[in-house]
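It should be emphasised that the depicted structure is a prediction, and the values quoted were computed from it without experimental measurement.
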Amino acid sequence: QVQLVESGGGLVQAGGSLRLSCAVSGLTMRSYVMGWFRQAPGKERDFVAGINWNGGNSYSIDSVKGRFTVTRDNTKNTLTLQMNSLKPEDTALYYCAKAKAHWQIVVPTALSDYDAWGQGTQVTVSS
């Protein structure tokens, strides 16, 4: 049974940093794209950043470029999102997700491209 467990969320002031982690069990994640999504209250779940199977290609949305960095450690089956210069608009429930397809080079951004999800970790940024 595949399990993804996020950790590292919390309350931080604007301009601060948080580091989210996602521990994957039940499968070897090394052949899959892994992604981070977020969902603010009353809004849809949206793609934030993702990284391809070997870490050679990553992609993030424009609003977090230069502030968020996604990395992976395939030897430890973990995914990380380093978030710096946080803004109140980053407040959301953050989810890690595993893509459906193997060995992708391009990072997909649609919800339907992912088939396993964590339970989410809350990030709240105060102004």
Side-chain angles (χ1 to χ4, degrees):
Q1 181 181 355
V2 178
Q3 279 195 314
L4 286 72
V5 179
E6 303 94 338
S7 61
L11 173 64
V12 65
Q13 287 189 330
S17 297
L18 283 174
R19 185 179 180 88
L20 305 185
S21 294
C22 175
V24 180
S25 60
L27 88 162
T28 301
M29 77 175 206
R30 66 182 178 90
S31 66
Y32 298 97
V33 166
M34 298 294 295
W36 288 98
F37 288 74
R38 66 186 178 187
Q39 187 167 19
K43 295 190 176 182
E44 295 183 348
R45 190 176 300 188
D46 292 325
F47 176 85
V48 176
I51 187 166
N52 79 323
W53 66 274
N54 66 355
N57 184 38
S58 63
Y59 175 75
S60 58
I61 58 175
D62 286 346
S63 62
V64 307
K65 274 189 170 71
R67 301 189 297 121
F68 291 12
T69 303
V70 57
T71 57
R72 65 191 296 158
D73 186 337
N74 288 338
T75 65
K76 297 181 179 178
N77 245 25
T78 58
L79 178 72
T80 300
L81 185 68
Q82 178 67 44
M83 306 188 296
N84 299 328
S85 302
L86 282 160
K87 303 176 181 180
E89 51 264 43
D90 295 319
T91 294
L93 191 59
Y94 282 72
Y95 298 89
C96 73
K98 166 201 156 293
K100 292 178 181 176
H102 289 268
W103 310 116
Q104 281 181 295
I105 296 175
V106 175
V107 175
T109 61
L111 281 170
S112 59
D113 289 318
Y114 294 80
D115 61 358
W117 299 84
Q119 82 289 348
T121 185
Q122 179 66 40
V123 171
T124 303
V125 184
S126 63
S127 56

Report summary line: The side chain to side chain contact (heavy atoms under 4.5 Å, CB included) partner of V33 among N57, D113, N52, I105 is N52
Report summary line: Those residues at least two apart in sequence (or on a different chain) that pass side-chain hydrogen bond (donor to acceptor under 3.5 Å, both in side chains) with T71 are none
Report task. Quick one: list whatever passes ring pair (Phe, Tyr, Trp, His ring centres under 6.0 Å) with F37, sequence neighbours left out. Result -> F47, Y114, W117
Rounded to the nearest 0.5 Å, how far does [atom2] of [Y] lie from [atom1] of [X]?
X: M83; Y: L18; atom1: CE; atom2: CG; answer: 4.5 Å
X: N77; Y: M34; atom1: CG; atom2: CE; answer: 8.0 Å
X: L86; Y: F68; atom1: CG; atom2: CZ; answer: 5.0 Å
X: N84; Y: T69; atom1: CG; atom2: OG1; answer: 6.5 Å
X: Q122; Y: Q39; atom1: CD; atom2: CD; answer: 10.5 Å

Has [X] got a side-chain atom pairing as donor or acceptor with [Y]'s backbone, closer than 3.5 angstrom?
X: K100; Y: S112; value: yes
X: D73; Y: T78; value: no
X: D46; Y: A40; value: no

For a 4.5 angstrom cut-off between non-hydrogen side-chain atoms, does [X] reach [Y]?
X: K98; Y: L27; answer: yes
X: L79; Y: W36; answer: yes
X: E6; Y: Q119; answer: yes
X: R30; Y: W103; answer: yes
X: R72; Y: V24; answer: no

Report task. Evaluate the salt bridge (Lys or Arg N to Asp or Glu O under 4.0 Å) criterion for residues K87 and D90: first the C-alpha distance (whole Å), next the side-chain angles of each, then the deciding distance (0.1 Å), finally the verdict. Result -> CA-CA 5 Å; K87 303 176 181 180; D90 295 319; over 6 Å; no
Requested in this report: Name all pairs fulfilling the disulfide (SG to SG under 2.5 Å) condition that reach into residues 5-120, sequence neighbours left out, sorted by first residue then second.
Outcome: C22-C96
Report task. List the atom of S127, the atom of P88, and the distance in Å for their closest heavy-atom pair. Result -> CB-CG, 3.9 Å
Query raised in the report: For V106 and P108, which heavy atoms make the closest approach, and how far apart are they?
Result: O-CD, 3.3 Å
Query raised in the report: Can you get from V12 to L81 by hopping between Ile, Leu, Val, Met, Phe, Trp and Tyr side chains that sit under 4.5 Å apart?
Result: yes
Requested in this report: Say whether L111 and L4 are linked into one hydrophobic cluster, either directly or through other cluster members, by side-chain heavy-atom distances under 4.5 angstrom.
Outcome: yes
